[in-house]
K.L.:
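Here it is, the structure in full.
Chain A is the first sequence line, chain B the second, and so forth, proteins listed ahead of strands; every chain is numbered from 1.
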Amino acid sequence: DAGVTQSPTHLIKTRGQHVTLRCSPISGHKSVSWYQQVLGQGPQFIFQYYEKEERGRGNFPDRFSARQFPNYSSELNVNALLLGDSALYLCASSFTTPGSPEAFFGQGTRLTVV
Amino acid sequence: AQSVAQPEDQVNVAEGNPLTVKCTYSVSGNPYLFWYVQYPNRGLQFLLKYITGDNLVKGSYGFEAEFNKSQTSFHLKKPSALVSDSALYFCAVRPMDTGRRALTFGSGTRLQVQP
């Protein structure tokens with residue numbers, strides 16, 4: 001079975017540019033979340049989407065936005081990139097049943113802003 | 001607000017010896033607790049979870065974790081470490097009683113298993 005897939009795996013952007021990251025969840029998972037992992041730190045929650053609606057947002061500026069599509073895939077968009085946005089961006093998908101609360105993560109997109 | 005503390009940046013253990021990676025948490029209400037492992041330049045791999053019931057939960061690759069409600073701890077353990085267990089380990093929590101699925105992670109503990 002395919003796990004969570006993210007694209008691209010690596011990306012280099014210039015300050016001020018815009019970036020779009022993509023995520024396909026595990027088949028059957030309707031909830032998708034995005035996390036930012038800066039080098040040397042634990043992942044930080046950015047967004048959660050379920051049934052195409054935003055269900056949670058972390059402490060990130062409005063430059064960060066996301067959406068979920070009818071097939072449950074998701075995009076994370078970041079505008080006006082800053083050097084500090086350089087990080088590993090992780091997508092996670094999960095069931096929404098109480099007995100299966102665990103999230104499964106993709107391999108991440110390594111974003112470098114220069 | 002919820003939080004997770006992993007007090008050790010690095011744990012060193014000899015191959016074949018038991019290992020423990022410590023985690024304490026703070027959350028409103030009952031917690032879901034998780035351990036994840038991260039290998040270099042990779043995403044997070046799910047190891048195990050605590051939902052309810054037995055305080056000792058077993059997971060992948062021989063890992064287990066002990067939930068202690070009074071100490072708000074969820075330490076990761078393995079009876080006999082392997083060199084291939086060397087990686088970065090993250091503890092995570094989220095409240096059980098809300099619809100929010102946002103995980104709060106600790107800062108991570110690097111496990112180094114020496115041959």
Side-chain angles (χ1 to χ4, degrees), chain A residues 3-7 9-10 21 23 25-26 29-51 53-60 66 68 87-112, chain B residues 1-10 21 23-25 27 29-53 57 59-60 63 65 74 87-110:
Chain A
V4 178
T5 57
Q6 293 186 242
S7 63
T9 55
H10 295 85
L21 310 181
C23 171
I26 292 171
H29 287 187
K30 298 181 179 180
S31 177
V32 170
S33 298
W34 288 94
Y35 292 81
Q36 180 196 64
Q37 186 180 19
V38 173
L39 196 62
Q41 298 181 19
Q44 297 290 318
F45 172 72
I46 310 175
F47 286 110
Q48 183 221 336
Y49 276 77
Y50 174 66
E51 291 286 10
E53 292 187 4
E54 182 183 305
R55 298 301 181 98
R57 184 184 183 115
N59 188 24
F60 281 81
Q68 186 178 33
L88 181 67
Y89 288 85
L90 296 164
C91 174
S93 73
S94 60
F95 288 113
T96 54
T97 55
S100 298
E102 63 272 28
F104 295 90
F105 286 80
Q107 83 284 3
T109 294
R110 173 74 62 187
L111 172 65
T112 302
Chain B
Q2 57 226 39
S3 63
V4 174
Q6 293 182 243
E8 302 152 318
D9 290 337
Q10 181 156 325
V21 182
C23 169
T24 58
Y25 68 91
V27 70
N30 296 311
Y32 287 128
L33 292 157
F34 310 89
W35 276 101
Y36 287 86
V37 60
Q38 187 174 36
Y39 295 97
N41 300 311
R42 301 294 298 274
L44 301 178
Q45 184 175 339
F46 170 72
L47 278 180
L48 51 80
K49 65 185 176 189
Y50 173 81
I51 301 176
T52 187
V57 295
S60 306
F63 283 94
F74 189 56
L88 190 56
Y89 290 80
F90 290 98
C91 180
V93 68
R94 74 171 175 93
M96 185 182 295
D97 305 316
T98 73
R100 284 175 56 91
R101 305 183 73 78
L103 293 170
T104 298
F105 286 87
S107 55
T109 298
R110 186 165 301 281

K.L.:
Side chain from CB out, backbone as N, CA, C, O: work out which of these in Glu102(A) comes under 4.5 Å of a heavy atom of chain B, or both, or neither.
P.N.:
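Both the backbone and the side chain of Glu102(A) come within 4.5 Å of chain B.
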K.L.:
CZ of Arg55(A): more than 12 outside heavy atoms within 6.0 angstrom?
P.N.:
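Enclosed: over 12 neighbouring heavy atoms sit under 6.0 Å from CZ of Arg55(A).
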K.L.:
Given heavy-atom pairs under 4.5 angstrom as the criterion, report whether the side chain, backbone, both or neither of Ile51(B) touches chain A.
P.N.:
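The answer is the side chain of Ile51(B).
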K.L.:
Judged by modelled atom types alone, do Ser94(A) and Arg101(B) share a side-chain donor-acceptor pair under 3.5 Å?
P.N.:
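Present: a donor and an acceptor within the cut-off.
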K.L.:
Taking side chain as everything from C-beta outward and backbone as N, CA, C, O, which of these in Tyr35(A) sits under 4.5 Å from a heavy atom of chain B? Side chain, backbone, both or neither.
P.N.:
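Only the side chain of Tyr35(A) comes within 4.5 Å of chain B.
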K.L.:
So for atom CZ, which belongs to Arg42(B), do other residues, nucleotides or ligands contribute more than 12 heavy atoms lying within a distance under 6.0 Å?
P.N.:
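Result for CZ/Arg42(B): open.
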K.L.:
Taking all atoms of both residues into account, what is the closest heavy-atom pair of Gly43(B) and Leu90(A), and its distance?
P.N.:
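Residues Gly43(B) and Leu90(A), closest heavy atoms: CA-CD2, 3.9 Å.
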K.L.:
Where does Arg110(B) contact chain A at under 4.5 Å (heavy atoms): side chain, backbone, both or neither?
P.N.:
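No part of Arg110(B) comes within 4.5 Å of chain A.
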K.L.:
With only heavy atoms counted, which part of Ala103(A) is less than 4.5 Å from chain B, the side chain, the backbone, both or neither?
P.N.:
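Backbone plus side chain of Ala103(A), per the 4.5 Å heavy-atom cut-off to chain B.
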K.L.:
Does any backbone or side-chain atom of Gln37(A) lie under 4.5 Å from a heavy atom of chain B? Answer side chain, backbone, both or neither.
P.N.:
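Looking at Gln37(A), just its side chain touches chain B.
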K.L.:
Answer with side chain, backbone, both or neither: which region of Gln38(B) has an atom nearer than 4.5 Å to a non-hydrogen atom of chain A?
P.N.:
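Side chain only.
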K.L.:
Determine the option with the most heavy-atom pairs under 4.5 angstrom with chain B, choosing from Gly106(A), Gly56(A), Pro101(A), Gly108(A).
P.N.:
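Top count of heavy-atom pairs under 4.5 Å with chain B: Pro101(A).
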K.L.:
Which atoms of Arg110(A) come close to chain B, meaning under 4.5 Å heavy atom to heavy atom: side chain ones, backbone ones, both, or neither?
P.N.:
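Just the side chain, heavy atoms under 4.5 Å.
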K.L.:
Which atoms form the tightest heavy-atom contact between Pro43(A) and Phe105(B), and what is the distance?
P.N.:
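Minimum heavy-atom separation between Pro43(A) and Phe105(B): O-CD1, 3.6 Å.
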